[in-house]
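Take a look at the structure below.
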Amino acid sequence: MTKALQSSSRRYPHPGRSRRSVVASFRFRRLQSAQQEPPPPPPRRPQPLRHDDTMASIAARSLGAAVRLAAPRAVPVAVRAPFRAFSTSRMSLVRKYTKDHEWVDLAADRKTGVIGISEYAAEQLGDVVYVELPEPASDFADQGDAIGAVESVKSASDINAPVRCRVLQANALLEEKPATINKLPEDDSNGGGWIVKVEVDEEGAKQADELMDADAYKAFISE
C-alpha cells in the first residue's frame with residue numbers, strides 16, 4: 001500500500017497543489033470554453049404550404065432542389081449515319097406500238113403480256129364514257145382482231161389485238177371508271193388504264209418484235 005502511494009505521488013503532475021483544487025480549476029476552464037462557443041443553429045423547419053400550392057408546384061420545387069444537388073453529367077451522344085432507303089421495282093419491259101395506236105408489253109418469258117391504247121389515242125378520243133371489255137377466252141385471237149371497244153364523247157373505236165394472243169383478264173376498273181383511260185392510258189398497274197392481260201404464243205412473240213418501239217411510234221404520230 002505504501003509503495004503504491006509513493007508511486008502515485010511521483011506520477012502526480014502538480015506538486016504543491018491538492019487534487020481537489022486542480023479538479024476545480026479544470027472544471028472552471030471547461031465552463032469558460034463552453035460559454036465562448038457560439039450556440040448551434042436551430043433546426044430548419046419545413047416550409048409551410050401556401051394556399052395556392054398544388055401537387056405540380058410542390059413536385060417542381062422538389063425536382064429543382066434535386067437538380068441543384070445533382071451535378072449534370074455529360075452524356076456522349078452516338079451519331080448514327082443517315083439511313084438511305086432503296087426501292088426496287090419490276091424491270092421495265094420493252095413496249096411496242098401498232099399503227100392503230102395500241103401498245104403491248106411482253107413479260108420476260110415472252111409468254112404473257114398486257115395490252116392498252118396509247119396516250120396519243122386517248123387524247124384524240126377525248127373523254128371516254130364507256131369501255132367494252134372482252135371475256136377471258138379459250139381461243140387465240142389473231143393479230144388485228146377486235147378484242148374490245150372504247151366510246152367517248154367524240155367517237156367510238158375498236159381495240160385491236162396488236163399480236164396473236166388469248167385474253168386472260170380484263171381491267172374491271174374501266175367498267176366503273178372508264179375515264180381512267182384518259183388519265184393513265186399506258187399504266188399497267190392495278191389502278192392504271194390498261195385494257196387486258198393476255199397469253200402470247202410463239203407467233204405472237206415474233207409479231208411483237210416487228211412492231212414500233214417508243215421512238216419509232218413518236219416519229220409515226222409526228223408525221
Side-chain angles (χ1 to χ4, degrees), residues 84-223:
R84 183 178 179 185
F86 294 89
S87 61
T88 58
S89 59
R90 182 175 62 88
M91 183 177 63
S92 178
L93 301 176
V94 178
R95 180 163 296 179
K96 294 298 188 73
Y97 296 83
T98 70
K99 293 182 179 181
D100 293 330
H101 309 292
E102 290 94 9
W103 56 264
V104 57
D105 273 344
L106 293 186
D109 60 4
R110 297 170 60 87
K111 294 182 179 180
T112 59
V114 184
I115 293 174
I117 66 172
S118 67
E119 292 183 1
Y120 175 80
E123 291 175 0
Q124 296 301 311
L125 285 171
D127 295 336
V128 175
V129 295
Y130 175 73
V131 180
E132 181 181 347
L133 297 173
E135 297 290 335
S138 56
D139 297 330
F140 277 79
D142 290 330
Q143 184 181 31
D145 287 352
I147 56 175
V150 179
E151 293 184 11
S152 69
V153 294
K154 293 182 179 180
S155 61
S157 177
D158 289 337
I159 301 172
N160 300 323
V163 296
R164 176 179 167 81
C165 61
R166 183 172 70 88
V167 175
L168 301 177
Q169 177 186 351
N171 189 357
L173 175 65
L174 300 181
E175 294 180 347
E176 300 178 0
K177 299 178 179 180
T180 305
I181 288 184
N182 296 115
K183 299 176 182 178
L184 303 168
E186 297 193 32
D187 188 346
D188 60 357
S189 66
N190 290 335
W194 56 275
I195 304 297
V196 290
K197 294 182 179 181
V198 296
E199 177 186 353
V200 179
D201 59 10
E202 185 176 352
E203 182 180 353
K206 291 180 180 179
Q207 292 170 348
D209 294 336
E210 298 173 358
L211 299 178
M212 294 178 288
D213 59 14
D215 293 336
Y217 179 70
K218 186 180 296 185
F220 171 72
I221 60 179
S222 298
E223 294 176 354

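Keep in mind that what you see is a predicted model, and the values were worked out from it rather than measured.
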task: With rounding to the nearest 0.5 Å, note down the distance linking CD1 in I221 to CD in Q124.
output: 9.0 Å
- prompt: Between A122 and I181, what is the shortest heavy-atom contact and its length?
  reply: CB-O, 3.8 Å
message: Rounded at 0.5 Å granularity, tell me how far SG in C165 sits from CD1 in I115.
response: 4.0 Å
task: Using a cut-off of 6.0 Å, state whether more than 12 heavy atoms not belonging to D109 lie near its atom CG.
output: yes
- request: List the atom of E223, the atom of A219, and the distance in Å for their closest heavy-atom pair.
  value: CG-O, 3.3 Å
Point-to-point distance, once rounded to the nearest 0.5 Å, from CD of E123 to CD1 of I117: 10.5 Å
- prompt: Quick one: does V94's side chain get under 4.5 Å of L106's, heavy atoms only?
  reply: no
- request: Of all the heavy-atom pairs spanning D142 and A161, show the shortest one and how long it is.
  value: O-CB, 3.7 Å
- prompt: Yes or no on side chain to side chain donor-acceptor pair (under 3.5 Å) for S189 and D187, after CA distance, side-chain angles and deciding distance?
  reply: CA-CA 6 Å; S189 66; D187 188 346; 2.8 Å; yes
- prompt: What are the two closest heavy atoms between L125 and S155, and how far apart are they?
  reply: CD2-OG, 3.8 Å
message: Distance check, rounded to the nearest 0.5 Å: E199 atom CD versus R164 atom CZ?
response: 10.0 Å
Non-hydrogen atoms of P185 and E119 that approach each other most closely: CG-CG, 3.5 Å
Min side-chain heavy-atom separation N171-I195 under 4.5 Å: no
Non-hydrogen side-chain atoms of V104 and Q207 separated by less than 4.5 Å: no
task: Taking the side chain as every heavy atom from C-beta outward, state whether M212 and K99 have any atom pair closer than 4.5 Å.
output: yes
query: Distance from D213 atom CG to K218 atom NZ, nearest 0.5 Å?
result: 10.5 Å
task: Would you indicate whether the side-chain heavy atoms of S118 and E186 approach each other to under 4.5 Å?
output: yes
field: Atom of E151, atom of A156 and distance for their closest heavy-atom approach
entry: CG-CB, 3.7 Å
message: Would the distance check show the side chain of D100 and the main-chain N or O of E102 forming a donor-acceptor pair, the cut-off being under 3.5 Å?
response: no
- prompt: Distance-only, no hydrogens or angles: does the N182 side chain make a donor-acceptor pair with backbone N or O of V128 under 3.5 Å?
  reply: yes
message: To the closest 0.5 Å, what do you measure between CD (E132) and CD1 (I147)?
response: 11.0 Å
field: D105 and its side-chain hydrogen bond (donor to acceptor under 3.5 Å, both in side chains) partner, picked from K197, K96, R95
entry: R95
query: Which is it for L211 and V163 under the side-chain contact (heavy atoms from CB on, under 4.5 Å) test, yes or no, and what are the steps along the way?
result: CA-CA 9 Å; L211 299 178; V163 296; 4.0 Å; yes
query: Is there side-chain contact between T180 and L173, with heavy atoms separated by less than 4.5 Å?
result: yes
- prompt: Can you list every ring pair (Phe, Tyr, Trp, His ring centres under 6.0 Å) pair that touches residues 185-223, not counting sequence neighbours?
  reply: Y97-Y217, H101-Y217
